[in-house]
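The sequence lines fix the lettering, A, B, ..., with proteins before strands; numbering per chain opens at 1.
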Amino acid sequence: MEKILSSLNIKQREAVSASDGPVLILAGAGSGKTRVLTTRIAYLIREKKIKPWNILAMTFTNKAAAEMKARVEDMVGSGTGLWVGTFHSTFAKILRTEALSFGFNPGFGIYDVDDQIRLIKTIMGDLHVPPDQFAPKSIAAVISKNKNSLIVPQQYQQTAGNPFEEAVAQVYPEYQHRLRINQVFDFDDLITVPIRLFHEYPAVLEKYRTRFSYVLVDEYQDTNRAQYELVHLLAYTHRNLCVVGDDDQSIYGWRGADIRNILDFEKDFPDTRTFRLEQNYRSTRNILKAAASVVEKNVGRKGKTLWCDGPEGEKIGLIEAYDDREEAARVVERIQSEIIRHKRAFKDFAVLYRTNAQSRALEDALRRAGMSYVIVGGLRFYERKEVKDVLAYLRVITNPNDTVSLKRIINFPVRGIGDVTLGRIERHALLNGERLFDALGDADAISEMTEKPRKSVLAFYRMIQKYQDLVDKITPNELAHTLVDEIGILNLYKHDATFEDAGRLENIRELLNAIREYAETAEDPSLAGFLEQVALVTDIDTWNDQSNAVTLMTLHTAKGLEFPVVYIPGLEEGLFPVMRSMDSTESVEEERRLFYVGLTRAKEKIYLLWANNRYHYGEYSYRMPSRFIKEVDPSVLDILTPEKYEPKETVRPPSRSRVLTEPDVHPDYESLSQDIPELQKGMQVLHSSFGKGEIIRIEGRGPNRKISVRFSGGRVKKFIAQYAKFEIC
DNA sequence: CGGATTTAACTTTTT
DNA sequence: GTTAAATCCG
């Protein structure tokens with residue numbers, strides 16, 4: 001332990017050894033925050049003899065939690081019963097354990113945003129709230145915001161003023177009611193329901209207070225009101241609460257995060273000991289200078305000055321491009337020159353953008369240059385339509401009360417149960433006061449139904465029942481494979497080689513793989529366990545930072561990560577800061593903090609880019625450079641004009657730039673493409689189901705290149721070359 | 001009742 | 001440029 005402590009600086013050591021009572025650690029970017037947290041936990045266990053199972057540490061991503069746990073175990077050994085997890089996974093676990101005593105089903109499901117919106121649409125239909133007037137999505141957002149601020153439906157109803165708020169006031173209570181009926185929780189419930197239960201059942205609260213006598217919270221600046229309340233409930237008696245955060249990195253205000261939580265911590269606990277970690281171990285002095293010059297434009301911050309004794313480093317490169325395509329080409333070109341000049345590998349680079357939509361142009365440019373890249377985030381794997389379809393089956397099997405999932409699959413794949421039949425069954429269920437699922441079994445008793453749907457409904461009902469019976473008899477892996485086989489979902493996507501279909505097929509196989517992997521590695525594998533993991537896992541959690549590829553992600557996702565070289569494209573008014581933030585000082589300040597987060601991800605070099613024109617909503621628009629560019633201290637900016645582009649290093653075809661890349665990431669295109677007929681733009685082809693068409697576009701190279709074909713009638717379809725079933729004519 | 005084709009609407013960031 | 005909802009036809 002002595003040895004571990006001596007590797008920390010004085011401030012860090014003080015923060016680690018202040019073990020009891022309320023502690024606030026204001027940790028600037030790159031100041032060794034994770035190191036302090038993990039060492040602190042190890043210190044509690046080794047020096048203070050605190051039992052590991054009496055410590056609860058909460059983070060915002062599973063990846064951060066896993067990393068923290070691994071690092072602590074390195075110091076104190078594994079299998080200690082230490083609790084490290086996200087807020088959501090921690091309280092999902094507690095809810096699961098306590099469900100029965102609260103009258104909940106321990107097999108409850110978890111609704112994501114898509115499920116929430118489906119449910120809200122149904123409710124709006126039932127309550128005759130016109131969905132064309134009020135967007136279900138907006139209503140969902142307001143409900144979520146209320147829940148995070150701990151405002152219950154009754155309270156909200158009293159404040160509703162305009163027609164939109166009236167609509168929310170109608171939907172909100174019914175939404176809560178139906179979640180209960182369906183025996184599911186949404187994300188917000190995982191935080192708010194435990195609060196309610198702790199209030200209503202003091203004995204249970206007492207149990208967890210005793211159990212978690214030391215509580216640590218990471219990224220405290222991103223907690224919302226509900227999370228704040230929960231943390232305070234747990235720490236109220238023992239007051240051994242340590243929170244770590246950086247008000248300059250608060251970027252989740254739009255999700256209900258309340259920056260006051262960290263700003264007022266010392267008011268909440270007057271005997272707080274506060275530690276400031278201001279020595280930065282990550283970035284060069286120039287990068288810190290740039291970051292500081294930007295963030296100091298914000299008012300209402302705690303105020304920190306990061307310093308480091310490292311090298312000055314290179315200046316920040318600023319590049320102006322004609323449009324988004326050229327911007328992407330410049331990124332590629334600059335990656336190439338960095339590789340030559342500094343012998344860097346692909347994994348040293350990250351491109352961090354404001355919106356997911358920006359990834360497309362970058363992706364195209366990287367692919368054309370033959371560079372390996374990986375996109376983190378965007379549409380999450382488990383949110384893809386075909387994946388959610390299969391998951392919906394598994395959800396109904398574990399929780400037949402889940403009507404959102406039931407309605408999703410009752411006629412998918414199509415089995416002849418349309419809207420009319422479903423309506424009849426729903427009415428029957430309502431009249432008899434039974435669950436929709438049980439009403440399926442009564443199909444014979446519903447007189448208005450005709451013979452064909454009746455048979456379909458009963459067959460579907462018996463199939464689900466069969467799997468419900470199998471849940472405890474076979475492994476989740478076997479069950480999922482058998483199920484996918486029986487519903488024949490793979491066949492739906494097997495027929496044609498369109499790009500979408502091949503992707504869907506691949507995704508379902510990937511899902512089956514995930515289930516198999518889960519069944520092999522989990523301590524106590526169960527279908528419900530898998531579904532919970534799926535609901536709470538994000539892309540960043542599964543991102544493999546070891547593979548050698550350029551990383552593309554949003555600035556939000558990048559929080560907590562670091563890269564030698566960082567590119568921030570799209571620095572334009574209306575994109576960054578984003579249009580909707582520009583009317584309030586507060587939200588522009590949040591955008592500015594986001595820019596600060598981006599700048600402080602870089603260890604050695606930053607490139608800022610903007611384009612005069614950008615393709616958006618299907619058309620070009622003129623752009624002005626972002627105000628944030630002007631806020632960067634001009635003395636650290638290096639304006640890279642076209643003359644400085646080093647023309648010899650501009651984008652070249654992959655075959656000539658072999659020195660730039662590693663052999664294993666560069667497939668031998670020529671040998672790979674030999675077994676596929678030579679397809680070219682303008683060729684006439686004949687497809688087995690779409691008929692005659694003309695190739696209008698070819699993207700990429702090799703067997704996975706995408707072929708766009710326009711068929712007679714003007715329909716355009718995209719195919720993957722190696723699966724495409726057409727003849728050249 | 002299902003399937004196919006056409007139309008509309010939309011993109012801020014996510015546990 | 002993508003996906004869901006609406007409409008029409010067999």
A:R260 meets the salt bridge (charged side-chain N to carboxylate O under 4.0 Å, His left out) criterion, sequence neighbours left out, with A:D258
Among B:dT13, B:dT15, C:dG1, the one nearest any side-chain atom of A:H88 is B:dT15
Name each donor-acceptor pair under 3.5 Å that joins a side chain in residues 570-581 of chain A to protein atoms two or more places apart or in another chain, with its distance.
residue	atom	partner	partner atom	Å
A:E572	OE1	A:R614	NE	2.9
A:E572	OE2	A:A611	N	2.9
A:E572	OE2	A:R614	NE	3.4
A:E572	OE2	A:R614	NH2	2.6
A:E573	OE1	A:R627	NE	3.2
A:E573	OE1	A:R627	NH2	2.8
A:E573	OE2	A:R627	N	2.7
A:E573	OE2	A:R627	NE	3.1
A:S581	OG	A:V578	O	2.8

What integer distance in Å separates A:Y353:OH from B:dT11:P?
-> 18 Å
Nearest-neighbour nucleotide for the A:N411 side chain, B:dG2, C:dG1, B:dT15 considered | B:dG2
Using a cut-off of less than 4.0 Å, is there contact between a side-chain N or O of A:T557 and OP1 or OP2 of B:dT14?
-> yes
Between A:R424 and A:V578, which has a closest nucleotide on DNA chain B that is more 5'?
-> A:R424
Which residues satisfy the salt bridge (charged side-chain N to carboxylate O under 4.0 Å, His left out) test with A:R118, sequence neighbours excluded?
-> A:D114
Would you tell me if any nitrogen or oxygen in the side chain of A:K137 comes within less than 4.0 Å of OP1 or OP2 on B:dA9?
-> no
Let me know the distance between CG of A:L594 and P of B:dT12, rounded to the nearest Å.
-> 14 Å
Choose from B:dT14, B:dT15, B:dG2 the nucleotide whose nearest atom is closest to any side-chain atom of A:V414.
-> B:dG2
Does DNA chain B take part in any stems of at least 3 consecutive Watson-Crick or G-U pairs (both distances under 3.5 Å), and if so, which ones?
-> B:1-9 with C:2-10
Flag as yes if A:F87 stacks onto the base of B:dT15 (centroids under 5.5 Å, planes under 30°), otherwise no.
-> no
Would you say A:T554 reaches B:dT14's phosphate, i.e. side-chain N/O to OP1/OP2 under 4.0 Å?
-> yes
Integer-rounded Å distance: B:dT14 P and A:K145 NZ | 16 Å
Identify, with sequence neighbours excluded, every residue that meets salt bridge (charged side-chain N to carboxylate O under 4.0 Å, His left out) alongside A:E590.
-> A:R593
Phosphate oxygens OP1/OP2 of B:dT15: is one of them under 4.0 Å from a side-chain N or O of A:T538?
-> yes
A:K147 NZ - B:dT15 C1' separation (whole Å) = 14 Å
Which residue, A:P453 or A:W254, contacts DNA chain B at a nucleotide closer to its 5' end, judged by nearest heavy atom?
-> A:P453
Write down the atom of A:V171, the atom of A:L127, and the distance for their closest heavy-atom approach.
-> CA-CD1, 4.3 Å
Please give, in whole Å, the distance from B:dT14 C1' to A:E383 CD?
-> 9 Å
Before accepting this row, confirm whether a basic side-chain N of the pair A:E532/A:K93 lies closer than 4.0 Å to the acidic partner's carboxylate O.
-> no
So what does A:T421 hit on the nucleic acid, given a heavy-atom distance under 4.0 Å: a base, only sugar-phosphate, or nothing?
-> sugar-phosphate
So, is A:K121 close to the C:dA5 phosphate, meaning a side-chain N or O under 4.0 Å from OP1 or OP2?
-> yes
Would you kindly give the CD1-to-P distance between A:I191 and B:dT14, to the nearest whole Å?
-> 18 Å
Quick one: is B:dT14 close enough that its OP1 or OP2 comes under 4.0 Å of any side-chain N or O from A:N356?
-> yes
A:D364 bridged to A:R368 by N-O distance under 4.0 Å | no
B:dT11 P sits how many Å from A:Q358 CD, rounded?
-> 16 Å
Counting heavy atoms from C-beta on, name the nucleotide in B:dT13, B:dT12, B:dT15 closest to the side chain of A:F187.
-> B:dT15
With a 4.0 Å cut-off on heavy atoms, is A:I417 in touch with a base, just the backbone sugar-phosphate, or nothing at all?
-> sugar-phosphate
Establish, yes or no, whether the cationic atom of A:R367 lies under 6.0 Å from the six-membered ring centre of A:Y373 and within 45° of the ring axis.
-> no
Keeping to residues at least two apart or across chains, list the salt bridge (Lys or Arg N to Asp or Glu O under 4.0 Å) pairs with something in residues 217-229 of chain A.
-> A:K33-A:D218, A:K33-A:E219, A:E219-A:K559, A:D222-A:K559
Could you please name the option among B:dG3, B:dT14, B:dT12 that lies closest to any side-chain atom of A:R580?
-> B:dT12
Distance in angstrom units between A:R255 CZ and B:dT12 C1', rounded | 13 Å
Below 4.0 Å: OP1/OP2 of B:dT12 and any side-chain N or O of A:R354 | no
